[in-house]
Amino acid sequence: MNIFVGSLPFKLQEADLREIFEEHGEVSSAKIITDKFSGRSKGFGFVEMPNDTEAQSAIDELNGAEVDGRAIVVNKAEQRKESPRRDNYRSGGYQGNNRRY
DNA sequence: GTTGAGCGTT
């Protein structure tokens with residue numbers, strides 16, 4: 001289950017976020033969203049947990065929990081898919097791979 | 001050295 005985490009302290013790092021969720025279950029990956037141009041944290045991130053039961057428990061326990069003095073927001077993530085369509089494609093190359101500049 | 005609602009680069 002992918003989890004959305006908001007209201008994170010700007011100083012928080014991905015490893016910190018991961019350890020927070022690992023206290024409530026197994027964490028496969030943790031991500032802090034940072035601005036591509038400034039490199040600064042956007043203040044929210046995502047955590048992926050393979051066990052849905054532990055994930056739901058972590059959401060229930062960590063939503064509103066205080067981290068570094070800030071009450072964080074934890075919800076089930078949306079919009080980003082893990083399994084894009086990979087079927088019905090043939091290994092044949094493209095004919096129009098010519099590049100015109 | 002700054003800020004504070006929301007959903008990420010594959």
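None of these values were measured; they are calculated from a predicted model. Each chain gets a letter, A, B and so on, in the order its sequence line appears, and its residues count up from 1. When reading the values below, keep in mind they use all heavy atoms of this one structure, side chains included, and skip hydrogens, waters and symmetry mates.
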Whole angstrom value for the distance that separates P of B/dG6 from CZ of A/Phe4: 10 Å

Round to the nearest Å and state the distance from A/Phe44 atom CZ to B/dG8 atom P. 6 Å

Of the listed B/dT9, B/dG4, B/dT2, the closest approach to the A/Arg40 side chain comes from B/dT2

To the nearest 0.5 angstrom, please state how far the CG atom of A/Asn2 sits from the CD atom of A/Gln79. 11.5 Å

To the nearest angstrom, the CG-C1' distance between A/Asn2 and B/dC7 comes to 10 Å

Measuring from atom CD1 of A/Ile59 to atom CZ of A/Phe21, what distance do you get when rounded to the nearest 0.5 angstrom? 7.5 Å

Where each residue is assigned the nucleotide of DNA chain B containing its nearest heavy atom, which of A/Arg70 and A/Lys31 is assigned the position nearer the 5′ end? A/Arg70

B/dA5 P sits how many Å from A/Asp35 CG, rounded? 17 Å

One should read off an interatomic distance between A/Ile32 CD1 and A/Leu17 CG, to the nearest 0.5 angstrom, of 4.5 Å

Nearest-0.5 Å distance, CD of residue A/Glu23 to CZ of residue A/Arg18: 13.0 Å

Within residues 5-12 of chain A, the residues having a heavy atom closer than 4.0 Å to DNA chain B are A/Gly6, A/Ser7, A/Leu8, A/Pro9, A/Phe10

Could you tell me the separation between the CD atom of A/Glu14 and the P atom of B/dT9, rounded to a whole number of Å? 12 Å

Nearest-nucleotide comparison on DNA chain B, the residue closer to the 5′ end among A/Ser41 and A/Ala77: A/Ser41

Short question: side chain of A/Glu54, backbone of A/Glu26 - any donor-acceptor pair under 3.5 Å? yes

According to the 5.5 Å centroid and 30° plane-angle thresholds, does A/Phe46 stack upon the nucleobase of B/dG8? yes

Between A/Arg70 (side chain only) and A/Ser7 (backbone N and O only), is there a donor and an acceptor less than 3.5 Å apart? no

Give the rounded distance in Å between these two atoms: CD1 of A/Ile72 and P of B/dC7. 17 Å

